[in-house]
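Below you'll find the structure, written out as structure tokens, and then a few comments.
Naming: A, B, ... by sequence-line order, numbering from 1 per chain. All figures in this text were calculated on a predicted structure; none of them were measured in a lab. Scope of the values below: all heavy atoms of this structure, side chains included, with no hydrogens, waters or symmetry mates.
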Amino acid sequence: MLGIKGKDLTLLCVVAVLALCAPFILNPFPQSSAMAQFNAGYPDLMQRFVIFGIFAVGFNILFGLTGYLSFGHAAFLGVGSYSAVWMFKLLSMNVIPAIILSVIVAGLFALVIGFVSLRRSGIYFSILTLAFAQMSFNLAYSVLTPITNGETGLQLSLDDPRIFGTSVSDTGGIPVTSLFGMEMRETSTLSLGDWSFQFSNGYYLCAVLLLVSFYISIRIFRSPFGLMLRAVKSNQTRLNYTGLNTRPYTLAAFVISGMYAGLAGGLLASMDPLAGAERMQWTASGEVVLMTILGGAGTLIGPVLGAGFIKYFENIFSKINDNVLHQWFGGLPEGLENAVVWFTEHFVGSGWNLTLGLLFMLVVTFLPGGLVEGGTRIGRLIRGKSKRAEKKAAQSKPAE
Amino acid sequence: MNVKPDFNKGKNYAETAPAFLSVWNMESYYGESYIVQNISFNVHEGEILALLGRNGAGKTTTLRSIARMNSPQVTAGEIWLDHQPLHKMASYEASRAGIGLVPEDRAIIPGLTVEENLQLAQIAPPIGWSLERLYDLFPRLGERRKQEGVTLSGGEQQMLAIARALARDIKVLLLDEPYEGLAPVIVDEIEKTLRIIKEQGITTILVEQNAVRALELADRAVILDTGTIVFDGAAAEVLGNEELRSEYLAI
Amino acid sequence: MEAILLQVLNGLDKGSAYALIALGLTLIFGTLGVVNFAHGALFMIGAFCAVTVQKVLTLSKITLDPVKTDFLGNPLQIKTPYVEGWFGPEFGAALIDWSVPLAILFAIPIMLVIGVVMERGLIKHFYRRPHADQILVTFGLAIVLQELIKHYFGANQIATPAPDVFRGSFDFGAMMGMDPNVVIYPYWRLVYFAFAAVIIGAVFAFLQFTTFGMVVRAGMADRETVGLLGINIDKRFTIMFGLAAAVAGMAGVMYAPINSPNYHIGMDFLVLSFVVVVVGGMGSLPGAVLAGFLLGILESFASMNEIKSLIPGIDQIIIYLAAIIILLTRPRGLMGRKGVMED
Amino acid sequence: MGILEVKNVNKRFGGLQALGDVNLSVAENSVHAIIGPNGAGKSTLLNCLVGKLIPDTGSVMFDGQSVLGRTPYEINQMGISRVFQTPEIFGDLTVMENMLIPCFARRDGSFKLNAIRSVEGQADIHDKAEAMLVDMNMADKRHMHAASMSRGDKRRLEIGMCLAQEPRLLLLDEPTAGMARADTNNTIDLLKQIKEERNITIVIIEHDMHVVFSLAQRITVLAQGSPLVEDTPDKIKGHPKVREAYLGESTPA
Amino acid sequence: FTNEPTGGTVTLGFNVPQSGPYADEGADELRAYELAVEHLNGEGDGGMLNTFSSKALGGNGIMGKKVAYVTGDTQTKSDAARASAKSMIEKDGAIMITGGSSSGVAVAVQGLCQEAGVIFMAGLTHSNDTTGKDKKANGFRHFFNAYMSAAALAPVLEKLYGSDRAAYHLTADYTWGWTQQESIQAATEAIGWRTVNNVLTPLAATDFSSYIAPVLNSGADVLVLNHYGGNMVNSLTNAVQFGLREKQVNGKNFEIVVPLYSELMAKGAGQNIKGIVGSQNWDWKLGDEGTAAFVKSFGTKYGFPPSQAAQTCYAQTMLYADAVERAGSFNPCAVGEALAGFEFDGLGNGKTLYRADDHQCFKDVLVVKGAEDPQDEFHLVEIVEVTPVAQVTYDPEHPMFAGGALGECNPGA
Ligand SMILES: Nc1ncnc2c1ncn2[C@@H]1O[C@H](COP(=O)(O)OP(=O)(O)OP(=O)(O)O)[C@@H](O)[C@H]1O
Ligand SMILES: Nc1ncnc2c1ncn2[C@@H]1O[C@H](COP(=O)(O)OP(=O)(O)OP(=O)(O)O)[C@@H](O)[C@H]1O
Ligand SMILES: [Mg+2]
Ligand SMILES: [Mg+2]
């Protein structure tokens, strides 16, 4: 089906089911329970999961396949966002032209930066991309303020021209982003007992695009192009002496992953029409690197998992304050309660970074293949096939 | 034909064994693949042992296991060198205990000159031949001492690898295909050197594809096939045994 | 003319700071090949050694003032540092005044221990892992260290002044017969410059005139073979790590008076130090130092008004622009060694 | 006029004259061996042919066109493939994937974003790689990681990858070093067969005289960077200078 | 309207920096918010509830609903701040968002709240734009702004340093820096100062030596540091290191001015801040009744006096709650109407007006300077003068604030 088969097809189906049912899956706890704090099924966060998933999937096409570690990918995301917001300002609030433009502009930007940076490999390449991104960030923050609105970020305003739309909505506000009239921010709520599930148009647009992106990424991984990219990672000398110039391949991968980043940026702006310069800072580029490695570089689903993991901590753990903790542990005796709260406080709220840092270390130390490796191990446990057993099986066969 | 090596499987095997180097029930893995499958053999002091077998038989794996390299992982068995338990040592400790390995890919260290490659061998005790003496043995190395080691020609690198092993005071020399890539004249030279080394009482294990050459030089031979020992006996015996020659050595 | 001289001086000093900060990173990243995102954290811990020494020296005995009151109307607490009580007010005050230089003495052993523990406990397992994994683990570590410091010292900057005698600036211009106040330079920065020169020289000498440097280089290229030659490379890597941490820490201590440290100071310098090391060329100590000075001077020039008015915003990007130009014209940075982290 | 014409090639490394006035002419569809002591400059000469090194002076013509100044991939596109002294293969990929890459590489080297159809979907290419694996007697290792094969196997794989490209000139740098006798014989047969079937010209460097004398039609002896003699195998065998400088006494005449 | 509270509680969203350089400021804001919630719910000593001129609040929550709150981390990034605010609105049902410690974040979150249909009560934001070109109907600012700083400072500067001065500006190269610089340049030129130069410095700069070194030779005798937070601490430290303060230029003592001050910055700058003049929105040492009540309850609870950031956040919460009570509805439009043009007293700074035209508060502004010999760490700053509100009031159409429009209030879905 769709030109993919076997495991890949299963994977795509699983991702599709997960993405479409996310509003249920991410909201497992009833509204009034203490655990509701851990629910992540509200539109903004679900959108972020998916958008950063797209970003990471694209990054993985470059890094996972070719091994070229770009440390400036956030620049493409930022450029995508700016293009989209400009599109909203000038043209119309329809997200389609905005998204298309952001993909194109990010692709062109990636073409230029990639063309230059790919003259070097290894760490030298990483630093070149980092330098380009940091330049973009610094300029966007200051000199380019007329285009980027600097520190505040590019926003819509009441006096935008918006050729194919209205500057001001009927209610006197700024019109909202939409897909041919279907408003992105519109959310319908389904209440089932103590649960309430939110279905947002914006999220479903993002989810569909994630599925498309993911599907394309599968196709790339399984295509001769993907094979060539893996060959680039493995041995460039051999590739050269096989008559292949590696540059067009790496550049194509770079541009494709830049376009993914642009798409992510465009979607971010479509969900929330603001583009800030911080989106291009090295920390943002670093974040996608971390997402990819954390999930499992070179695997198909890993980057999406990594993106979800980091965004979850950033948005859910950071919001747990001592007030919430006291509610949770209110059942404990006073002294114990305070002790538990005091201890837990370090890891949540303003301490969310600490938890994230610790988890980075734990995951990479104990799960060398990232979260995907963790999943594989769990799968193996469930199937009851231990490593030992496999070893025994191998023993009976001769070494070859 | 399958000849069992002569050793007794006692707990205090190491003390009673007449051997200088003994490998006992050794099993080695690369990750999940089981390569060296429970082998045992002895090497006596001062002798040259030829370790033969087809490609992929596990010769290199055996040598690397004895030298205590990080891979393969030796999961079972014991290795004793002159009453020292090698199987409990890290590779640098094995080296200090007297193991010298000339690896099959020569492993010349990039970024270092020829001389630095040799100096590196003389940092940790015990120190063997002096640089002058090594340059006498391999004059080509003397001429190229300031050149980066990895830019040497294939044969020169082989010389450097052997010289580097001799730069340490070793008890057992493990040679993994030392003749590979060497001009015939040089092979003759090295063979002479090996005889000199033998006279000095150094024990040698020689892995070589040129089986005839190796067997002419060696005292004893061990033949490996898919990770198990299929022959252990006098070198001359192999040369005289048609079946062994054709089955495992194709000569 | 004076302006140029001034910026050269400035650049030299900035450069010495960059070089010193990057030096520790070169040892780990350029030489051991470990992509150490925790380097900034080591620098920060160094700076907080200075803060801690200052805090310890100013630990105070509290007495109540009978007359004055605090903001809640309670009697005011008067704090007299214990050291002033023990050593007399004058010597005690001098000790406090000199807390930053004193902190160097504390920082060296502390940073050595931290470096060694970090290497033995964590990094050791990552030499053979992909660089990406190294990034993840060291970044995680950096965050953890940072958050711990934030927890104990807060997020605000903490003033750690240099000793009083180094306040003010030295008038080079006047010395050279120009008008006064034209070419001036703060004393503490001159101290920093000298300090950087000494440390850089010492590290050079250690790696150049002992076999240590060669062994570590060899070990990075091929650990296995070095082990085969009887060398316990792990031990040397550990020492190298300790050394690098100590260098990073000293750079941090000395920098504390220039920029009051906060828990974020390491991250602020992280990118810069990577850029310096890579522009210098992987595996090259002199390269990193040279790149530090070069970028320092370029940055100083770019901040001159004449140049800024010519190209607006040039000072924002000069470092990156220079890095790009250098890396494109020289494949391995200024003095990089072949084969180090090129793939 | 041979298919490969090397004229007056010189190459210095610092103070070392690695190649001095090398002249070499290789006839089309022949096997030409280059032998000589270690460090004679054999590999260096090969490097000059494939664009890894640029000679200081001299010219290298392949089929009437100069190869100098071209990048390795351009030279390969002219029809020259090379097997290295230490195997250069894609260690992280499986044997099958290793073989697929030269099959997918287009002869003219032009870039095609072949990202839509899957690898398996392109049956013609897949079959070609499969056939090559069978030819190389490696079909059973299809799914093995190339890096975890023994050295002899890596060599064979590399030869197979070069052959899959259907080159016109195949350069072999000690292809049988470290190979078991049986495999060496197989390789000799394979090379002979391929040369016949596909009209390939082969230049081979080898220290194993058995291989050289079984394959070569002409032999150039290189010593200290310069050709010592060039002749047929029989003449070379008996050449006293060659015996002294290179072959030694123990080589059977 | 969005998030209409239906149960027995009403949820407020406190969106403050918890990581990044302003985390301490954020922590102090959060303390103030928690205190405000306590007071609104009738716990504790009531703080400024007792001094507030409006008596609509009765310590029984807001309109009888108990006040609950959620917190989030802005990270001082527009993106993260908006994400955090969105989660409060979408997930937790927050009806009002408040907090923040930079203008970029304030403007970004204000825009979000406008679109989402909730009220935004800005925390610490000093840029003219927040209530200037980026003003929004749903957004309200209690904190003062760059123009007011300049207007308050100029007369004091004239008094202290005379009217014949040449100023050299170092300005952080982003929106806040620019508006700050523009304001102070205009104000000082109005008292006769010359502006020698204005040099933009990168936000990411940590070492300002190359910008400071040329100052002495430029003919200027005053250095104005339009920097905030870490930038300001570092540039001031660098300037003092260069010995600028000991120098004489044009026969006058060289002086340094830092237009926007905070206690935390003073602490970070240590000795270097002594004698440096600047402005503040509020200081705990102000003698008025409201201030005293607030300082007492804050100090008793946390052991140290509140910062100006804490005060503005506390006041904003009170003002919001009060407006709801007075409006009799949580509907943002009703609340906005109640706030617009509202005059009050007793929350510090004396009589205050929430101007309807731009939702900016007008009140007295403090001119402060670094204490020469502080009695303890809480007295690093001393008040030089309390500039009366009249002097800092400007026309809503003032060019520095022109360009934007409040628009219509948005009650949301
Ligand atoms: N790094 C590795 N990972 C996995 N398997 C390996 C690895 N290295 C070798 N092997 C496997 O181990 C087996 C034995 O290899 P080894 O190198 O010891 O053979 P050998 O006898 O030395 O052969 P040769 O004569 O070709 O050098 C081979 O089947 C090979 O595929
Ligand atoms: N990059 C280099 N720098 C310096 N010298 C070099 C370099 N490359 C090769 N050489 C020297 O040039 C000479 C010829 O080397 P080459 O590799 O061509 O020899 P070869 O004939 O292939 O020998 P072998 O049979 O041992 O492989 C050698 O002495 C070698 O040390
Ligand atoms: Mg082998
Ligand atoms: Mg060669």
Side-chain angles (χ1 to χ4, degrees), chain C residues 2-3 6-7 9-11 13-14 17 65 68 70-73 76-79 147 150 154-162 166-170 173 179 181-189 257-260 262-265 268-269 299-305 308 312-313 315-317, chain E residues 17-27 173 197 199-214 216-218 229-230 233-234 237-238 240-249 264-265 267-273 284-285 295-296 299-300 303-305 375-376 378-379:
Chain C
E2 289 93 5
L6 184 63
Q7 293 303 357
L9 260 180
N10 222 316
D13 185 73
K14 226 179 227 198
D65 189 309
K68 290 190 188 157
D70 74 358
F71 72 100
L72 284 175
L76 182 69
Q77 299 179 338
I78 300 180
K79 297 177 178 171
E147 290 295 312
K150 179 181 162 202
N156 202 31
Q157 289 179 300
I158 300 175
T160 33
F166 297 118
R167 261 175 99 96
S169 53
F170 178 71
D179 292 340
N181 287 350
V182 173
V183 183
I184 54 167
Y185 223 64
Y187 290 114
W188 180 255
R189 289 179 181 249
I258 295 183
N259 275 345
S260 309
N262 68 354
Y263 80 109
H264 225 258
I265 191 169
D268 296 343
F269 276 103
E299 202 186 4
S300 287
F301 276 118
S303 56
M304 283 169 69
N305 296 330
K308 279 185 65 159
D315 52 338
Q316 307 253 14
I317 55 168
Chain E
Q18 300 193 318
S19 51
Y22 297 118
D24 278 3
E25 211 154 67
D173 196 359
N197 207 341
V199 176
L200 300 175
T201 63
L203 174 76
T206 46
D207 181 358
F208 291 86
S209 57
S210 49
Y211 299 99
I212 299 227
L216 266 189
N217 194 32
S218 66
V233 170
N234 292 337
T237 307
N238 290 170
V240 173
Q241 258 170 20
F242 268 85
L244 293 194
R245 303 199 60 199
E246 284 110 59
K247 302 281 181 189
Q248 295 246 318
V249 177
L264 284 167
M265 274 153 59
K267 211 164 156 190
Q271 302 278 319
N272 303 325
I273 200 79
W284 68 267
K285 292 184 280 305
V295 172
K296 179 153 170 294
T300 317
F304 45 83
Q375 68 168 25
D376 60 19
F378 310 130
H379 286 80

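Within the 4.5 angstrom heavy-atom criterion, only side-chain atoms of E:Asp376, from C-beta onward, approach chain C. Interface remark: E:Phe378 contributes side-chain atoms only to the contact with chain C (heavy atom separation under 4.5 Å). For a residue to count as touching a neighbouring chain, one of its non-hydrogen atoms must lie under 4.5 Å from one of that chain's; by this rule C:Ile184 touches chain E with backbone and side chain alike. Proximity to chain C is limited to the backbone of E:Ala269, based on heavy atoms less than 4.5 angstrom apart. Both the backbone and the side chain of C:Ile258 come within contact range of chain E, each with at least one heavy atom under 4.5 Å from a heavy atom of that chain. Heavy-atom distances place no part of C:Phe166 under 4.5 Å from chain E, backbone and side chain included.
Chain C forms more heavy-atom pairs under 4.5 Å with one residue of E:Ala205, E:Gly26, E:Ala23, E:Gly270 than with any other, namely E:Ala23. Options E:Trp284, E:Phe242, E:Phe304 differ in how many heavy-atom pairs under 4.5 Å they form with chain C, and the most are formed by E:Phe242. Contact count against chain E (heavy-atom pairs under 4.5 Å) is highest for C:Tyr185 among C:Tyr185, C:Trp188, C:Phe170. Among C:Ser260, C:Gly11, C:Ala302, the residue with the largest count of heavy-atom pairs under 4.5 Å with chain E is C:Ser260. Comparing C:Lys308, C:Arg189, C:Glu299 by heavy-atom pairs within less than 4.5 Å of chain E, the highest count is held by C:Arg189. The candidate with the highest count of non-hydrogen atom pairs below 4.5 Å against chain C, out of E:Val199, E:Asp207, E:Thr201, E:Val240, is E:Asp207. Between chain C and the residues E:Gly268, E:Gly299, E:Gly230, E:Gly243, the most heavy-atom pairs under 4.5 angstrom are made by E:Gly268.
Looking only at atom types and distance, the side chain of E:Gln241 has no donor-acceptor partner in the side chain of C:Arg167 under 3.5 Å away. E:Tyr211 and C:Asp315 share a donor-acceptor pair across their side chains, judged by distance under 3.5 Å alone. Remark: the C:Gln316 side chain and the E:Asp173 side chain contain an N/O donor-acceptor pair separated by less than 3.5 Å. For the residue pair E:Asn234 and C:Gln157, a side-chain donor N or O sits within less than 3.5 Å of a side-chain acceptor on the partner. Judged purely by distance below 3.5 Å, without hydrogens or angles, the side chains of C:Asp268 and E:Thr206 never pair a donor atom with an acceptor atom.
From C:Tyr263, atom OH reaches atom CG of E:Asp24 across 8.5 Å, with rounding to the nearest 0.5 Å. Note that OG of C:Ser303 and CG of E:Leu200 are 12.5 Å apart. Values are rounded to the nearest 0.5 Å. Separating the OG atom in C:Ser169 from the NZ atom in E:Lys247 is a distance of 4.0 Å, to the nearest 0.5 Å. One distance of note links CG of C:Asn10 with CD1 of E:Ile212; it measures 10.0 Å at 0.5 Å rounding. Atom NZ of residue C:Lys150 and atom CD of residue E:Gln18 lie 7.5 Å apart, to the nearest 0.5 angstrom.
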Determine, stepwise, if the pair E:Ser209 / C:Lys14 fulfils side-chain hydrogen bond (donor to acceptor under 3.5 Å, both in side chains). CA-CA 8 Å; E:Ser209 57; C:Lys14 226 179 227 198; 4.6 Å; no
Walk me through it: do E:Asn238 and C:Asn259 pass the test side-chain contact (heavy atoms from CB on, under 4.5 Å)? CA-CA 8 Å; E:Asn238 290 170; C:Asn259 275 345; 4.3 Å; yes
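Looking only at side-chain heavy atoms (C-beta outward), C:Met304 and E:Ser210 stay at 4.5 Å or farther from each other.
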